[in-house]
*Asks:* 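To start, I am sharing the structure in question, which I have written as structure tokens.
Because the structure is a prediction, the values reported are computed rather than measured. Along the sequence shown, residues carry numbers from 1.
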Amino acid sequence: MSKKVFIKTYGCQMNVYDSKRMADVLKPVGYEVSENSDDADLVILNTCHIREKAAEKVYSEIGRLKQTKEAKASDGKNMYIAVAGCVAQAEGPEMMRRAPAIDMVLGPQTYHRLPDMLKTAEEQRTGGRKSARVLDTDFPVDTKFDHLPEESEYTGPAAFLTVQEGCDKFCTFCVVPYTRGAEYSRPVQDIVSEAKRLVASGVVEITLLGQNVNAYHGELASGETASLGGLIRELSEIDGLGRIRYTTSHPRDMDDELIFAHRDIDACMPYLHLPVQSGSNAILDAMNRKHTREHYFDIIDRLRAARPDLALSSDFIVGFPGETDQDFEDTMDLVRRVKYASAYSFKYSPRPGTPASVLETQVPEEVKSERLARLQALINEHQLEFNTNSIGREMDVLLERPGKFEGQLLGRSPYLQAVHVDVSKAQNTLDVGGDNPYSGFMGKLVRVRISEAGPNSLKGELVSALH
Ligand code: SAH
Ligand code: SF4
Ligand code: F3S
């Protein structure tokens with residue numbers, strides 16, 4: 001009988017990809033994915049360390065799981081608790097001490113060894129331990145990608161594909177270089193093969209992932225190196241791959257080849273997440289971002305010259321140590337100039353082991369809260385304006401899942417806006433096959449006229465089915 005694994009994912013899209021790959025690794029050793037922890041033989045928490053509360057949430061989740069584990073044990077059943085991801089990498093031994101119910105701790109670079117870890121855990125358990133004590137947070141020299149099985153079929157038309165991992169930039173606020181290790185790019189051919197398999201299983205849109213995705217420099221079959229722009233060019237040759245996105249990019253690595261990919265390649269979507277973090281040169285310098293606001297404006301001018309309809313998003317940190325009122329006003333000014341279609345903003349959170357966490361110029365919590373509220377209000381205003389400007393436009397929408405209402409499907413515009421599309425009326429007029437109103441459209445790119453806009457989503461009517 002097959003066993004069950006429940007994987008709970010926190011943090012960024014790379015963790016979403018990793019969770020899926022962990023499921024792929026566990027399949028050959030008899031584990032099926034379960035949607036809840038109650039019937040699971042193995043629970044994996046795939047954690048994120050970017051913010052303080054994330055780690056605390058993990059500990060309270062472990063507290064809950066411990067009760068399930070103990071209830072099962074008194075029924076003579078076993079449930080392993082594994083912690084993976086970035087908290088595991090950063091705090092592995094401490095987690096083991098603090099939460100004895102944990103059986104396994106594994107880092108983002110070792111999950112291909114899960115079957116071995118399970119074997120060791122099994123030996124320890126049958127040896128009489130209540131919880132196993134397996135810790136594997138190495139950064140193996142041979143990349144895990146060489147040891148992962150082929151990915152299982154993708155369900156849904158939009159998929160993630162990790163092309164680059166790790167980061168060598170060491171921004172002074174960030175834990176990623178410590179939790180994910182040094183920068184590494186997968187060879188072009190491996191990525192192309194994986195992308196082809198995804199497309200063969202019905203995927204229409206692929207988001208290329210990397211902590212520093214535009215620093216990508218993967219090997220080509222010829223032995224030469226491809227940049228991200230070059231990789232996108234290769235991928236755009238795949239028949240049936242309608243959309244290519246990539247995230248997250250660093251301003252310093254936005255080269256011409258990538259900028260021109262937005263101009264020349266239809267499948268390269270006109271939407272770019274390009275985090276700037278702050279609009280103040282003094283703060284950018286203290287963050288070790290290695291670029292100025294002027295440099296950032298210049299990149300955006302070049303991008304917009306290449307692709308005039310390009311929409312942008314960003315991440316911001318407010319209240320970085322030493323941030324003055326004027327520094328913050330510089331950030332507000334940058335936002336007003338760029339006008340993002342959407343953006344994330346966070347209060348600075350001192351992360352253990354990072355240089356900025358020990359600075360004595362920490363900004364008081366109330367100041368951070370007040371700045372964050374002002375910044376978010378401005379970003380929301382721009383986001384609503386961007387969405388409202390979509391009314392009356394026709395856009396391609398990739399329909400991904402059922403909407404809230406009967407006959408409605410939910411998809412994404414080229415600019416990553418959520419679009420609710422009523423497909424029920426169109427069923428009679430458009431020959432798309434399928435008996436029920438959904439089947440012909442689900443997973444497809446369709447042409448939609450936008451009729452309504454809200455802060456977080458759009459509504460539109462079907463104009464035609466694309467192929
Ligand atoms: N590689 C990406 C970002 C990875 S982390 C980049 O270079 O932009 C995702 C976002 O979390 C960051 O962009 C940043 O805005 C936020 N973040 C990271 N560390 C943080 C910290 N210590 N406090 C607050 N926000 C943080
Ligand atoms: Fe973190 Fe900076 Fe690397 Fe992004 S570039 S992952 S913010 S260290
Ligand atoms: Fe979090 Fe690690 Fe991603 S810290 S944001 S899960 S790289």
Side-chain angles (χ1 to χ4, degrees), residues 12-14 158-164 167 169 171 205-217 226-233 235-236 241-279 284 289-317 331 334-345 379 382-383 385-387 389-390 393 395-398 412-419 458:
C12 66
Q13 290 145 330
M14 301 203 60
F160 293 134
L161 200 176
T162 294
V163 302
Q164 181 277 329
C167 179
K169 295 230 165 38
C171 300
E205 172 180 306
I206 293 181
T207 303
L208 307 175
L209 299 179
Q211 268 90 19
N212 245 288
V213 73
N214 59 343
Y216 176 83
H217 53 280
S227 69
L228 187 65
L231 176 67
I232 291 174
R233 213 167 280 273
L235 291 170
S236 67
L241 180 56
R243 290 177 158 189
I244 303 170
R245 303 181 186 278
Y246 56 94
T247 197
T248 295
S249 297
H250 192 288
R252 270 177 47 102
D253 296 314
M254 239 21 249
D255 63 10
D256 277 346
E257 201 175 3
L258 186 52
I259 293 176
F260 295 150
H262 284 280
R263 181 190 65 190
D264 301 334
I265 299 172
D266 283 347
C268 183
M269 288 292 99
Y271 183 79
L272 175 60
H273 184 58
L274 192 62
V276 65
Q277 313 297 354
S278 168
L284 287 170
R289 293 290 290 181
K290 297 196 180 83
H291 66 81
T292 59
R293 60 188 264 133
E294 290 76 21
H295 184 191
Y296 187 78
F297 289 138
D298 178 56
I299 295 162
I300 286 177
D301 287 346
R302 280 156 52 210
L303 277 159
R304 284 184 168 151
R307 181 81 203 225
D309 69 332
L310 188 94
L312 287 142
S313 75
S314 179
D315 293 340
F316 292 93
I317 295 177
T331 297
L334 180 142
V335 171
R336 277 186 209 101
R337 288 208 208 178
V338 178
K339 278 206 161 181
Y340 294 95
S342 153
Y344 301 94
S345 42
I379 289 168
H382 291 168
Q383 182 170 328
E385 193 180 320
F386 180 77
N387 287 347
N389 286 342
S390 308
R393 282 187 62 182
M395 295 183 189
D396 295 349
V397 173
L398 179 62
R412 294 272 175 189
S413 79
Y415 313 104
L416 219 54
Q417 295 151 297
V419 189
L458 308 176

*Asks:* Any side-chain donor-acceptor pair under 3.5 Å between T247 and Q13?
*Replies:* no
*Asks:* Drop me the distance from L231's CG to H217's NE2, to the nearest 0.5 angstrom.
*Replies:* 12.5 Å
*Asks:* Can you find a heavy atom in the side chain of P414 that is under 4.5 Å from one in the side chain of Y271?
*Replies:* no
*Asks:* Determine whether K169 and N212 make a side-chain contact, defined as any pair of heavy atoms from C-beta on separated by less than 4.5 Å.
*Replies:* yes
*Asks:* Taking side chain to side chain donor-acceptor pair (under 3.5 Å) as the test, write out the residues that go with R245, two or more places apart.
*Replies:* E205
*Asks:* Would you sort out whether R304 and V338 count as a side-chain contact (heavy atoms from CB on, under 4.5 Å), showing the intermediate values?
*Replies:* CA-CA 11 Å; R304 284 184 168 151; V338 178; 4.3 Å; yes
*Asks:* Can you sort out the partners of D298 under salt bridge (charged side-chain N to carboxylate O under 4.0 Å, His left out), two or more places apart, ordered by chain and number?
*Replies:* R302
*Asks:* E385: which residues meet the side chain to side chain donor-acceptor pair (under 3.5 Å) condition with it, sequence neighbours left out?
*Replies:* K339
*Asks:* Is the shortest heavy-atom distance from the side chain of R307 to the side chain of L272 under 4.5 Å?
*Replies:* no
*Asks:* Indicate the atoms forming the closest heavy-atom contact of G279 with T331, along with that distance.
*Replies:* N-OG1, 2.9 Å
*Asks:* If you round to the nearest 0.5 Å, how far is CG of D253 from CG of L228?
*Replies:* 10.0 Å
*Asks:* Heavy-atom count check: over 12 atoms from other residues, nucleotides or ligands less than 6.0 Å from D301 CG?
*Replies:* yes
*Asks:* Distance check, rounded to the nearest 0.5 Å: H382 atom NE2 versus L312 atom CG?
*Replies:* 13.0 Å
*Asks:* Partners of Y415 by side chain to side chain donor-acceptor pair (under 3.5 Å), sequence neighbours excluded?
*Replies:* D309, R393
*Asks:* Kindly write out the residues that satisfy side chain to side chain donor-acceptor pair (under 3.5 Å) with T162, not counting sequence neighbours, or none if the list is empty.
*Replies:* none
*Asks:* What distance separates L258 CG from L303 CG, expressed to the nearest 0.5 Å?
*Replies:* 7.5 Å
*Asks:* I'd like to check P270 versus H262 (side-chain heavy atoms, cut-off strictly below 4.5 Å). Are they in contact?
*Replies:* no
*Asks:* So how far is it from H273 NE2 to L416 CG, rounded to the nearest 0.5 Å?
*Replies:* 10.5 Å
*Asks:* For P275 versus S249, what's the shortest heavy-atom pair and its separation?
*Replies:* CD-O, 3.1 Å
*Asks:* Go through the steps to decide whether L334 and Y340 satisfy the test side-chain contact (heavy atoms from CB on, under 4.5 Å), and finish with yes or no.
*Replies:* CA-CA 10 Å; L334 180 142; Y340 294 95; 3.5 Å; yes
*Asks:* If you take all heavy atoms of I265 and R233, which pair is closest and at what distance?
*Replies:* CD1-CA, 3.7 Å
*Asks:* Are any side-chain N or O atoms of S236 and backbone N or O atoms of A267, one a donor and one an acceptor, separated by less than 3.5 Å?
*Replies:* no
*Asks:* Using a 6.0 Å distance limit plus a 45 degree cone around the ring axis, check whether R293 lies over the aromatic ring of Y296.
*Replies:* no
*Asks:* Looking at every heavy atom in both Q164 and Q211, which two are closest together, and how far apart are they?
*Replies:* OE1-N, 3.1 Å
*Asks:* Ignoring hydrogens, what is the shortest heavy-atom contact between S278 and L284? Give both atom names and the distance.
*Replies:* O-CD2, 3.5 Å
*Asks:* Within this structure, what is the CD-NE2 distance for the pair Q277 and H291, rounded to the nearest 0.5 Å?
*Replies:* 7.5 Å
*Asks:* What are the two closest heavy atoms between L398 and A158, and how far apart are they?
*Replies:* CD2-CB, 4.4 Å
*Asks:* Not counting sequence neighbours, which residues clear side chain to side chain contact (heavy atoms under 4.5 Å, CB included) with S345? List them please.
*Replies:* F316, L372, L375, Q376, I379
